[in-house]
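Worksheet: one structure, shown below.
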Amino acid sequence: MNLSLLLVLDVLAVLIVLYLYRVVRGPTIFDRMLGLNGISTKAIILVVVIGTVYERVEVFVDISTGYALLNLVGALAIAKYLEQRGAP
Amino acid sequence: MTYSFELPLLLLLLLTAGAAIVAKDLLSAVLLLGSYSFFLALVWAWLGAVDVAFVEAVVGAGLATVFFLLTLFNAGKGGIRFRKASPPLAALFVLPLLAGLLLYAANDLPQFGDPQAPASVHISPEYLTKAYAETETTNIVTAVLMDYRALDTLVETVVVFTSGIACWLLLRRGSE
């Protein structure tokens with residue numbers, strides 16, 4: 001297993017912790033939503049790197065594309081709903 | 001070497017799960033559960049179960065978050081408390097005990113990817129050799145799903161149908 005790829009994985013995991021702080025502590029729901037969005041962006045990259053580690057990138061790229069689309073739809077759904085109801 | 005990335009992932013998993021329990025309001029607990037699902041999906045991807053990871057991401061992180069939010073907002077300010085009660089003290093003692101028991105039981109499980117595991121020496125060859133003769137179906141996955149486990153699949157369909165009705169009711173009330 002490639003050591004530099006493992007290093008990339010660990011650095012991405014540390015970056016996720018920074019976003020996680022915003023999700024946990026965020027004073028408003030918008031901070032939390034943005035934090036969640038950032039986490040899912042990092043998750044997309046992580047999936048591709050994991051695919052590179054396993055040397056099966058072509059399968060994992062499909063999945064990361066699915067993640068990305070889903071992330072967009074989820075964020076839009078939450079934002080649309082907050083627009084309708086007003087943030088609590 | 002293989003454990004060097006599992007450890008940070010599992011730590012993140014524990015962190016988000018704990019944060020979702022101690023979060024002050026239900027809204028942030030819902031969003032934390034969403035990120036928990038993302039990490040769980042990453043763990044599945046790391047273990048090589050790619051399709052399970054995909055389902056976890058779609059259902060756990062996407063759909064469940066949206067439905068939790070819909071429920072929270074539809075319940076209104078009087079129907080549900082946005083500030084939640086702290087978890088009961090007994091759960092804090094009993095649940096770690098249960099986790100210890102499960103970890104103790106996991107010692108007996110076969111190694112990850114072991115070709116000598118009971119599932120791969122006992123059942124899989126049976127299906128592979130006899131599936132076509134018994135069910136006349138060329139696709140073995142379909143044969144297992146629709147012939148050997150037809151009753152399971154029927155009940156699963158009932159579950160999916162019921163949850164579909166529940167989602168429809170929830171969304172219909174939301175649009176009024």
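Convention: sequence-line order gives letters A, B, ...; per-chain numbering from 1.
Every pair passing side-chain hydrogen bond (donor to acceptor under 3.5 Å, both in side chains) that includes a residue from residues 50-59 of chain B is listed here, sequence neighbours excluded: B/S37-B/E56.
B/L15 touches chain A through its side chain: at least one heavy atom from C-beta onward sits under 4.5 Å away, while N, CA, C and O do not. A/F60 touches chain B through its side chain: at least one heavy atom from C-beta onward sits under 4.5 Å away, while N, CA, C and O do not. Heavy atoms of A/I63 lying under 4.5 Å from chain B belong to its backbone as well as its side chain. Contact of A/V73 with chain B is not made at all, since no heavy-atom distance falls under 4.5 Å. Only the side chain of A/L20 has a heavy atom closer than 4.5 Å to any heavy atom of chain B.
The main-chain N or O of B/Y132 is never found under 3.5 Å from a side-chain atom of B/T135 such that the two would form a donor-acceptor pair.
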With a cut-off of 3.5 Å and sequence neighbours excluded, list every side-chain donor-acceptor pair involving residues 141-151 of chain B.
residue, atom, partner, partner atom, Å
B/D147, OD2, B/T137, OG1, 3.4
B/Y148, OH, B/E134, OE1, 2.7

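Two residues are said to be in side-chain contact when any heavy atoms from C-beta on lie closer than 4.5 Å; B/L10 and B/L13 meet this criterion.
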task: List the steps and the verdict of side chain to side chain contact (heavy atoms under 4.5 Å, CB included) for B/F93 and B/L89.
output: CA-CA 7 Å; B/F93 288 111; B/L89 211 63; 4.2 Å; yes
